[in-house]
Amino acid sequence: MTEYNIALVGFGGVNRALAQLIAERNQAWKKQLGFSLKIVGVSDLFLGSIVAPQGLDAGLLSQLPATKGALAQLPGGQVEALNEPVIKDSGADIIAEATFTNPVDGEPATTFCRWALEQGKHVVTTNKGPIALHGAELKALAQRNQAAFEYEGAVMSGTPVIRLAQQSLAGSELLGFEGILNGTSNFVLTRMEGGLGFAEAVAEAQALGYAEADPTADVEGFDVRLKVVILANELLGAQLTVSDVSCRGISGLTAADLEQARVEGARWKLIGSAQRLADGSLQASVEPRLLPLAHPLAGISGAINAVSFNTELLGAVTVSGPGAGRIETAFALLSDIIHIHQSRSSR
Ligand SMILES: NC(=O)c1ccc[n+]([C@@H]2O[C@H](COP(=O)([O-])OP(=O)(O)OC[C@H]3O[C@@H](n4cnc5c(N)ncnc54)[C@H](O)[C@@H]3O)[C@@H](O)[C@H]2O)c1
Ligand SMILES: N[C@@H](CCO)C(=O)O
């Protein structure tokens, strides 16, 4: 039986949901998955931090009040977010990094990943910044230190996309993809079609835990742009940077536009795509597109996302499922840990 020590960096919706899953399912995981998790450290800009190599009560943590410095209420807890000792000195084997996505430079999350990987600690993250902006460097660092760097939840939260394409579609030659890759904007469009105003719909998405800390990233397409870069670099062997992807979000769409689409038997969707062209170059974009109702992505509503892979041998392979949500994204962290466990066990 393996017990992994895990430190949670960023204790917002996603890592708190992971603590809840650990509290509820650790015993079952021992039997089903062959491992259990012990939380040995937590840090959060707002809640403070704690290093506890002996282990923390996951149930207690998941119920921690969301008040400034709340981790200081626990024995040994601090009001400050001391990320470095939590990552380096807690005895963690795995760091679950779930701080804010910074779409400009990926910091400070990229530094947190570096600290962990340099010490040979595995990193599981749902943060799109480090992967989209520094993915190649971090993967090389992980390899040099025999550590894993896993980020299934960065695209479509708990819905398996990256490993599915890498493993199950291997050999089928991926030519491109198009998808609805942001839960918040798709939720907002769906709610606006139902008559709600733009601002109210964004507020609902925030309350449900779908939106970024700054929802501008969701509605202006910046979040999808990071996901397009991640998928293109990961699955199409590209070396895209965000400046290679043209980007327009949904903030320019009005209730009248959505109504006009309905009358025409169509729907507006925010589509992120990348296609390999005949000359070998890659064309990538994020933009609202008017889809006829018969289009496979037109019926995807709410916080559900979908991606359609264009493959040489199978044609279009479309995967849909939750694209955002606290528990849904915590599940992605679990799936990364399962992958680490299975890869290490099979060696
Ligand atoms: N919520 C989702 O549906 C979802 C889905 C996929 C990916 N993600 C990504 O996962 C990450 C976490 O999402 P979330 O919904 O939990 O966000 P959240 O805003 O609820 O939580 C983020 C937490 O990180 C903390 N934090 C920010 N900067 C920090 C720092 N420098 N040091 C320590 N703590 C810091 C904040 O205080 C906050 O509590 C984000 O990068 C997000 O883009 C979220
Ligand atoms: N804010 C993002 C979270 C998932 O990456 C979304 O709404 O899709």
Side-chain angles (χ1 to χ4, degrees), residues 7-20 41-49 64 66-71 78 80-87 95-103 106-113 115 124-132 151-159 161-162 179-189 201-202 204-228 230 249-250 270 272 302-307 321-333 336:
L8 311 180
V9 179
F11 198 62
V14 172
N15 262 342
R16 192 182 277 260
L18 182 62
Q20 184 190 330
V42 181
S43 62
D44 186 277
L45 198 57
F46 182 68
L47 300 169
S49 54
L64 193 78
T67 52
K68 177 89 188 139
L71 284 166
Q78 308 273 338
E80 299 82 32
L82 303 178
N83 294 301
E84 197 164 357
V86 167
I87 292 169
I95 306 298
E97 203 288 333
T99 62
F100 301 146
T101 287
N102 175 340
E107 290 293 358
T110 302
T111 296
F112 300 157
C113 295
W115 283 342
V124 296
T125 183
T126 56
N127 190 325
K128 292 141 273 188
I131 311 150
Y151 38 83
E152 181 64 60
V155 180
M156 283 177 64
S157 72
T159 305
V161 173
I162 296 176
I180 294 173
L181 298 172
N182 182 268
T184 300
S185 55
N186 203 49
F187 177 87
V188 167
L189 289 175
V202 171
E204 264 193 31
Q206 287 178 298
L208 289 163
Y210 303 151
E212 296 302 301
D214 177 358
T216 312
D218 296 294
V219 298
E220 297 301 351
F222 309 144
D223 177 73
V224 180
R225 183 166 56 176
L226 294 176
K227 290 165 177 169
V228 167
I230 292 170
I250 61 163
L270 183 63
I304 300 299
N305 283 184
V307 65
R326 299 176 180 112
I327 286 286
E328 294 85 342
T329 312
F331 170 76
L333 293 174
D336 285 340

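Both ligands and their constituent atoms are indexed starting at 1 by order of listing. All of these numbers come straight from a predicted model, not from anything done at the bench.
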Engineer: Take E152 and V161 through the side chain to side chain contact (heavy atoms under 4.5 Å, CB included) test and state the conclusion after the steps.
Structural biologist: CA-CA 7 Å; E152 181 64 60; V161 173; 4.1 Å; yes

Engineer: Which of the listed options, L18, L8, L45, L226, holds the heavy atom that is closest to atom 30 (C) of ligand 1?
Structural biologist: L45

Engineer: Determine the minimum heavy-atom distance between A154 and K128, stating which atoms define it.
Structural biologist: O-CG, 3.4 Å

Engineer: Does G13, backbone or side chain, put an N or O under 3.5 Å from an N or O of ligand 1?
Structural biologist: yes

Engineer: Quick test: of every protein heavy atom, which one is nearest to atom 8 (O) of ligand 2, and how far off is it to 0.1 Å?
Structural biologist: G183 N, 2.7 Å

Engineer: Just going by heavy-atom distances, which of T99, V14, L208 is nearest to atom 40 (C) of ligand 1?
Structural biologist: T99

Engineer: Could a heavy atom of K128 be found less than 4.0 Å from some atom of ligand 1?
Structural biologist: yes

Engineer: For residues A213 and P215, report the shortest heavy-atom separation together with the two atoms involved.
Structural biologist: O-CD, 3.5 Å

Engineer: State whether the shortest distance between N or O atoms of N305 and N or O atoms of ligand 2 falls below 3.5 angstrom.
Structural biologist: no

Engineer: Quick check on M156 - does any of its heavy atoms sit under 4.0 Å from an atom of ligand 2?
Structural biologist: no

Engineer: Would you call F112 and I95 a side-chain contact if the rule is heavy atoms closer than 4.5 Å?
Structural biologist: no

Engineer: Once rounded to the nearest 0.5 Å, what's the spacing between atom CZ of F46 and atom CG of L71?
Structural biologist: 11.0 Å

Engineer: A side-chain contact here means heavy atoms from C-beta on lying under 4.5 Å apart; do W115 and N83 qualify?
Structural biologist: yes

Engineer: What atoms of ligand 1 come within less than 4.0 Å of a heavy atom belonging to A324?
Structural biologist: 3 (O)

Engineer: Find the distance between CD1 (I87) and CG (L82) and round it off to the nearest 0.5 Å.
Structural biologist: 11.0 Å

Engineer: For D218, counting its heavy atoms only, list the atoms of ligand 2 lying under 4.0 Å from any of them.
Structural biologist: 1 (N), 2 (C), 6 (C), 7 (O)

Engineer: Would one find an N or O of E212, backbone or side chain, under 3.5 Å from an N or O of ligand 1?
Structural biologist: yes

Engineer: Please identify which atoms of ligand 2 are closer than 4.0 Å to at least one heavy atom of G323.
Structural biologist: 4 (C), 8 (O)

Engineer: With heavy atoms of T329 as the reference, note each atom of ligand 1 found under 4.0 Å away.
Structural biologist: 2 (C), 3 (O), 4 (C), 5 (C), 6 (C), 7 (C)

Engineer: With no hydrogens and no angle check, just 3.5 Å: does a side-chain donor-acceptor pair link N127 and T125?
Structural biologist: no

Engineer: Can you see which heavy atom on L47 is nearest to which on F11, and at what distance?
Structural biologist: CD1-O, 3.5 Å

Engineer: Could you tell me, atom by atom, which parts of ligand 1 come under 4.0 Å of a heavy atom of T101?
Structural biologist: 40 (C), 41 (O), 42 (C), 43 (O)

Engineer: Check ligand 2 against Y210 and write out every atom of the ligand that is under 4.0 Å from a heavy-atom position of the residue.
Structural biologist: 1 (N), 2 (C), 3 (C), 6 (C), 7 (O)

Engineer: Work out which heavy atom in S185 is nearest to a heavy atom in L270; give both atom names and the distance.
Structural biologist: OG-CD2, 3.5 Å

Engineer: Do me a favour and list the nearest non-hydrogen protein atom to atom 19 (O) of ligand 1 with residue, atom name and distance?
Structural biologist: F100 CE2, 3.4 Å

Engineer: Check whether any side-chain heavy atom of T101 sits under 4.5 Å from a side-chain heavy atom of L226, and report yes or no.
Structural biologist: yes

Engineer: Return a yes/no value for G325: is any of its N or O atoms, backbone included, closer than 3.5 angstrom to an N or O of ligand 1?
Structural biologist: yes

Engineer: Is the closest side-chain heavy-atom distance between K227 and V307 below 4.5 Å?
Structural biologist: no

Engineer: State the atoms of ligand 2, each with its element, that fall below the 4.0 Å cut-off from a heavy-atom position in N182.
Structural biologist: 2 (C), 6 (C), 7 (O), 8 (O)

Engineer: Which ligand 1 atoms, with their elements, are less than 4.0 angstrom from a heavy-atom of G153?
Structural biologist: 6 (C), 7 (C)

Engineer: Any N or O of D44 that comes nearer than 3.5 Å to an N or O of ligand 1?
Structural biologist: yes

Engineer: Could you list the atoms of ligand 2 found under 4.0 angstrom from a heavy atom of E212?
Structural biologist: 1 (N), 2 (C), 3 (C)

Engineer: If you measure from each heavy atom of A211 to ligand 2, is any distance below 4.0 Å?
Structural biologist: yes

Engineer: What protein heavy atom sits nearest atom 21 (O) of ligand 1, and how far away is it?
Structural biologist: G12 CA, 3.2 Å

Engineer: Which residue from D214, N83, T126 reaches closest to atom 10 (O) of ligand 1 through any of its heavy atoms?
Structural biologist: T126

Engineer: Can you report which non-hydrogen protein atom sits closest to atom 31 (N) of ligand 1, along with the distance?
Structural biologist: P108 CG, 3.4 Å

Engineer: Any non-hydrogen side-chain atom of V228 less than 4.5 Å from a side-chain atom of L181?
Structural biologist: yes

Engineer: Would you name the heavy atoms of A109 and E97 that are closest together and state the gap between them?
Structural biologist: CB-OE2, 3.2 Å

Engineer: Look at atom 22 (C) of ligand 1 and say which protein heavy atom is nearest, naming residue and atom and giving the distance to 0.1 Å.
Structural biologist: A98 O, 3.6 Å

Engineer: Is the shortest distance from a heavy atom of G209 to ligand 1 less than 4.0 Å?
Structural biologist: yes

Engineer: How close do L8 and L18 get, heavy atom to heavy atom, and via which atoms?
Structural biologist: CD2-CD2, 4.0 Å

Engineer: What is the closest protein heavy atom to atom 7 (O) of ligand 2, and at what distance does it sit?
Structural biologist: T184 OG1, 2.7 Å

Engineer: Counting only pairs under 3.5 Å, give me each side-chain donor-acceptor contact of residues 323-333, with atom names and distances, residues two or more places apart or in other chains.
Structural biologist:
residue: R326; atom: NH2; partner: A207; partner atom: O; Å: 3.4
residue: T329; atom: OG1; partner: G325; partner atom: O; Å: 2.5

